[in-house]
Amino acid sequence: MIIEGTESFFQPGNGKKEVVLLLQGFAGNTAELLPLGDFLADRGYTVLAPRLPGHGTTVEDMLRTTAEDWLDAVRDAYAILHGFARDIVVIGASMGGSLAILLAAEKKVKGIVTLAAPVFIAQEQGISALPPKEMLSPSDFTPEIRRNLENVPPAANLIYDKIPLLSVYDLLEVIDRAKNCLPQITAPALVIHGKADTMAAVESAGYIAAHIGSSRKELVLLDGAGHLLPLMEGREAVFERIGTFLDTL
């Protein structure tokens, strides 16, 4: 059963601007993107945010999904949008940014925006202590800190209380594949990252900007900002920066 408020969402715009595909992060849910979706829809953009398989339900569901399942869901969403719109912009937060990179390398997009997309995991996450995959079983989990963010959609706080360690390897696969295909992207790119991100190391943003094949690319580093850019206090400034970028495509 899908947790209420974490479903895929669609917001029709005015039909005069591009269609935006919003992509959620690992072990999060679509509610994290709802404030950004509302902002873009209010500016006339049509928005689709697909729920990734294994997200917004149970950790047991997550165990049954893979990196390829998540990417296939993104491809499906792109195909739906491409059925009635030629100009599609893809925006991804956290692992959603990595999925956006993979999609932009495969398909024609008018622009790409990454928000706190990881290339390097921050040291604080202790990824170096992750046991080898062959030593893990489906019963191996890592606990997640409970969220209690204010002024966000209620479902954005309804994340899993633990994460399957096997699924972390799928996250790492997405990150590695995205890193390797950066040179294939030609669409204009906006890379936004918080300098205080303790999930995706801030060096990730510089790497993306340096290696993406786009001739037009912009890098924005935010003082004091953490990982959850679409939910943080002051997120409206980030949304305005995205809106300015989209308006110039």
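The first residue of the sequence shown is numbered 1, and numbering continues consecutively from there. Computed over heavy atoms, backbone and side chain alike; hydrogens, waters and symmetry mates excluded.
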Distance col, row Asn157:CG vs Arg146:CZ, nearest 0.5 angstrom, shows 8.0 Å

Margin query: Contact between Glu218 and Val191 at the side-chain level, heavy atoms closer than 4.5 Å - yes or no?
Written below: no

Residue set satisfying ring pair (Phe, Tyr, Trp, His ring centres under 6.0 Å) with Phe26, at least two apart, ordered chain then number -> Trp70

The complete set of salt bridge (Lys or Arg N to Asp or Glu O under 4.0 Å) pairs with one or both residues in residues 113-123, sequence neighbours excluded, reads none

(Q) Check this for me, if you would: do Glu236 and Arg241 make a salt bridge, where the nitrogen-to-carboxylate-oxygen distance has to be below 4.0 angstrom? (A) no

- prompt: Hey, does Val238 have a side-chain heavy atom less than 4.5 Å from the side chain of Pro230?
  reply: no

For Lys162, the side chain to side chain contact (heavy atoms under 4.5 Å, CB included) test, sequence neighbours excluded, returns Val59, Phe141

Output for pair (Leu36 CG, Leu229 CG), nearest 0.5 Å, gives 10.5 Å

- Query: Hey, quick one: are Phe9 and Leu231 part of the same hydrophobic cluster, counting side-chain heavy atoms closer than 4.5 Å, chains of contacts allowed?
  - Reply: no

Sidechain-backbone polar pair: Tyr78 side chain, Lys108 backbone, donor-acceptor under 3.5 Å: yes

Main-chain N/O of Ala200 paired with His193 side-chain donor or acceptor, under 3.5 Å: yes

| query | Can you tell me if Arg75 uses its side chain to pair, donor with acceptor, with the backbone of Ala79 under 3.5 Å? | reply | no

Ignoring hydrogens and geometry, is there a side-chain-to-backbone donor-acceptor pair from Thr186 to Ser214 under 3.5 Å? no

By salt bridge (charged side-chain N to carboxylate O under 4.0 Å, His left out), Arg177 pairs with (sequence neighbours left out) Glu68, Glu173

Determine all donor-acceptor pairs shorter than 3.5 Å in which one atom belongs to a side chain in residues 122-131; sequence neighbours excluded.
from: Gln125; atom 1: NE2; to: Thr198; atom 2: O; distance (Å): 2.8

### Stepwise side-chain contact (heavy atoms from CB on, under 4.5 Å) check, Val202 with Leu221
CA-CA 8 Å; Val202 67; Leu221 299 179; 4.1 Å; yes

Using the rule that two of Ile, Leu, Val, Met, Phe, Trp, Tyr join whenever any of their side-chain heavy atoms come within less than 4.5 Å, decide whether Leu102 and Phe120 are in one cluster. yes

* Should Ile121 and Leu136 be regarded as members of a common hydrophobic cluster, given that ILVMFWY residues are connected when their side-chain heavy atoms come within less than 4.5 Å of each other, either directly or indirectly? -> yes

(message) Check whether Thr46 reaches the backbone of Gly13 with its side chain - one donor and one acceptor, N or O, closer than 3.5 Å.
(response) yes

**Asked** Is any side-chain heavy atom of Val152 closer than 4.5 Å to a side-chain heavy atom of Arg235?
**Response** yes

Student check: side-chain heavy atoms of Ile242 and Leu115 closer than 4.5 Å: yes

Where the side chain of Asp72 meets the backbone of Asp69, is there a donor-acceptor pair that is under 3.5 Å apart? no

### Task
Check for a donor-acceptor pair, side chain of Tyr160 on one end and backbone N or O of Gly56 on the other, with a separation under 3.5 Å.
yes

Is the side chain of Asp61 donor-acceptor paired with the backbone N or O of Gly54 at a distance under 3.5 Å, no angle test? no

Hits for side chain to side chain contact (heavy atoms under 4.5 Å, CB included) against Ala31, two or more places apart or cross-chain, chain-then-number order -> Asn29, Pro153, Ala155, Ala156

Using distance only, find each side-chain donor-acceptor pair of residues 80-100 under 3.5 Å and give its atom names and separation, not counting sequence neighbours.
from: His82; atom 1: NE2; to: Arg86; atom 2: NH1; distance (Å): 3.2
from: Ser94; atom 1: OG; to: His227; atom 2: NE2; distance (Å): 2.8

Would you say Ile112 and Val74 are hydrophobically clustered, going by side-chain heavy atoms of ILVMFWY under 4.5 Å? yes

In short, salt bridge (Lys or Arg N to Asp or Glu O under 4.0 Å) pairs touching residues 197-210 with sequence neighbours left out are none

Please check if the number of heavy atoms outside Glu150 that lie under 6.0 Å from its CD is greater than 12. no

- Message: I'd like to know whether Leu182 forms a side-chain contact (heavy atoms from CB on, under 4.5 Å) with Ile101, so could you lay out the CA-CA distance, the side-chain angles of the two residues, the decisive distance to 0.1 Å, and finally the verdict.
- Response: CA-CA 7 Å; Leu182 281 167; Ile101 290 168; 3.8 Å; yes

Residue set satisfying side chain to side chain contact (heavy atoms under 4.5 Å, CB included) with Pro154, at least two apart, ordered chain then number -> none

Check whether any side-chain heavy atom of Glu144 lies under 4.5 Å from a side-chain heavy atom of Ile159, and answer yes or no. yes

dist Lys179:NZ -> Ile212:CD1 (nearest 0.5 Å) comes out at 15.0 Å

Leu21 and Pro50, any side-chain heavy atoms less than 4.5 Å apart = yes

By salt bridge (charged side-chain N to carboxylate O under 4.0 Å, His left out), Lys217 pairs with (sequence neighbours left out) none

*asked:* Walk me through whether Leu222 and Met232 qualify under side-chain contact (heavy atoms from CB on, under 4.5 Å).
replied: CA-CA 12 Å; Leu222 304 171; Met232 71 175 189; 4.2 Å; yes

query: If we ignore angles and hydrogens, is there a donor and acceptor under 3.5 Å between the side chains of Asp247 and Thr244?
result: no

Could you state whether Ile192 and Leu40 fall into the same hydrophobic cluster, counting links through intermediate Ile, Leu, Val, Met, Phe, Trp or Tyr residues with side-chain heavy atoms under 4.5 angstrom apart?
yes

Contacts of Tyr169 meeting ring pair (Phe, Tyr, Trp, His ring centres under 6.0 Å) (sequence neighbours excluded), chain-then-number -> none

So the side-chain hydrogen bond (donor to acceptor under 3.5 Å, both in side chains) pairs with at least one residue in residues 4-15 (sequence neighbours excluded) are Gln11-Asp38

Just checking, any donor-acceptor pair under 3.5 angstrom between side chains of Arg64 and Thr58? no

